[in-house]
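Treat the numbers as computed from the prediction; the structure is a model and nothing was measured.
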Amino acid sequence: MKEEYNYTLTVPVEDLDKARTLLEQLQANIPQARITRKPDRGDMVRFYLCFPYSGRRIDAAVPDFFAHHGDNSWDLFGPNYGVWGLK
C-alpha cells in the first residue's frame, strides 16, 4: 500500500486561473505531487492535492506556499494521512 498526505484546496471560481498557475508552480517544485480537480460546489472550485510519503514528508512546505501566494478567501484543508492502493 502507498502512504500519502493529502489536502483539499477550495478557491472562488473567479480565482481559477490564479489557482491553476500556482498549482502548476507547486507541481514543478514537487513533481511527485498528484493534483486533481474535484467537483465544484456552488461558486467554489476544489482541488485534491496528494503527496506520496516514503520516509519523509515532501508536503511540509505546502501550507506556507499557499499562505504566501494564495488569497485570504482560499481554504486549504489538511494535511490528511491516507493509505491507498495495493502493493
Side-chain angles (χ1 to χ4, degrees):
M1 296 204 176
K2 297 179 182 179
E3 297 177 81
E4 70 178 18
Y5 285 87
N6 56 67
Y7 299 79
T8 300
L9 176 67
T10 305
V11 303
V13 71
E14 60 267 10
D15 291 344
L16 180 58
D17 290 336
K18 181 179 179 183
R20 282 188 175 148
T21 300
L22 288 177
L23 290 170
E24 288 171 3
Q25 184 179 351
L26 180 67
Q27 183 100 53
N29 293 342
I30 307 172
Q32 306 93 320
R34 278 190 350 249
I35 301 172
T36 56
R37 187 160 168 185
K38 296 175 78 171
D40 297 352
R41 286 214 174 148
D43 293 334
M44 303 299 280
V45 176
R46 301 182 312 147
F47 294 92
Y48 188 66
L49 318 173
C50 298
F51 302 89
Y53 176 78
S54 58
R56 70 179 187 88
R57 300 270 309 267
I58 62 172
D59 66 295
V62 171
D64 287 338
F65 178 83
F66 283 104
H68 287 91
H69 297 92
D71 191 276
N72 287 337
S73 63
W74 295 17
D75 180 41
L76 181 67
F77 181 78
N80 299 302
Y81 174 77
V83 178
W84 303 101
L86 300 173
K87 274 192 169 181

Which heavy-atom pair separates [X] from [Y] by the least distance, and what is that distance?
X	Y	answer
Lys38	Thr8	NZ-OG1, 3.7 Å
Ala28	Pro31	O-CD, 4.0 Å
Asn6	Gly82	ND2-N, 4.5 Å

I want to check something: taking the side chain as every heavy atom from C-beta on, are [X] and [Y] in contact at a cut-off of under 4.5 Å?
X	Y	value
Asp71	Val11	no
Pro12	Asp43	no
Arg57	Pro79	yes

Is there a chain of hydrophobic side chains (I, L, V, M, F, W, Y, each step under 4.5 Å between heavy atoms) that links [X] to [Y]?
X	Y	result
Phe66	Leu16	yes
Tyr5	Ile30	no
Phe65	Val45	yes
Phe47	Ile58	yes

(request) Would you please name every residue forming a ring-ring contact (aromatic ring centres under 6.0 Å, His included) with Tyr7, sequence neighbours left out? (result) Phe51

(message) Please evaluate residues Arg37 and Arg20 with respect to the criterion side-chain contact (heavy atoms from CB on, under 4.5 Å), reporting the C-alpha separation (whole Å), side-chain torsions for both, the decisive distance (0.1 Å), and the verdict.
(response) CA-CA 10 Å; Arg37 187 160 168 185; Arg20 282 188 175 148; 3.1 Å; yes

With rounding to the nearest 0.5 angstrom, report the [atom1] to [atom2] distance, [X] to [Y].
X	Y	atom1	atom2	result
Gln32	Tyr53	CD	OH	14.0 Å
Ser73	Glu14	OG	CD	7.0 Å
Glu4	Arg34	CD	CZ	5.0 Å

(request) Start with the C-alpha distance between Phe77 and Thr10, add both sets of side-chain angles, then the distance that settles side-chain contact (heavy atoms from CB on, under 4.5 Å), and finish with yes or no. (result) CA-CA 8 Å; Phe77 181 78; Thr10 305; over 6 Å; no

(request) Could you tell me which residues satisfy side-chain contact (heavy atoms from CB on, under 4.5 Å) with Glu24, sequence neighbours excluded, listed by chain and number? (result) none

(request) Check whether any side-chain N or O of Arg46 sits under 3.5 Å from a backbone N or O of Pro39 as a donor-acceptor pair, and report yes or no. (result) yes

(request) In sequence, state the C-alpha distance, the side-chain angles, and the governing distance for Lys18 and Thr21, and then conclude on side-chain contact (heavy atoms from CB on, under 4.5 Å). (result) CA-CA 5 Å; Lys18 181 179 179 183; Thr21 300; 5.7 Å; no

(request) Give the C-alpha distance, both sets of side-chain angles, the deciding distance and a yes or no for side-chain contact (heavy atoms from CB on, under 4.5 Å) between Leu23 and Leu49. (result) CA-CA 9 Å; Leu23 290 170; Leu49 318 173; 3.6 Å; yes

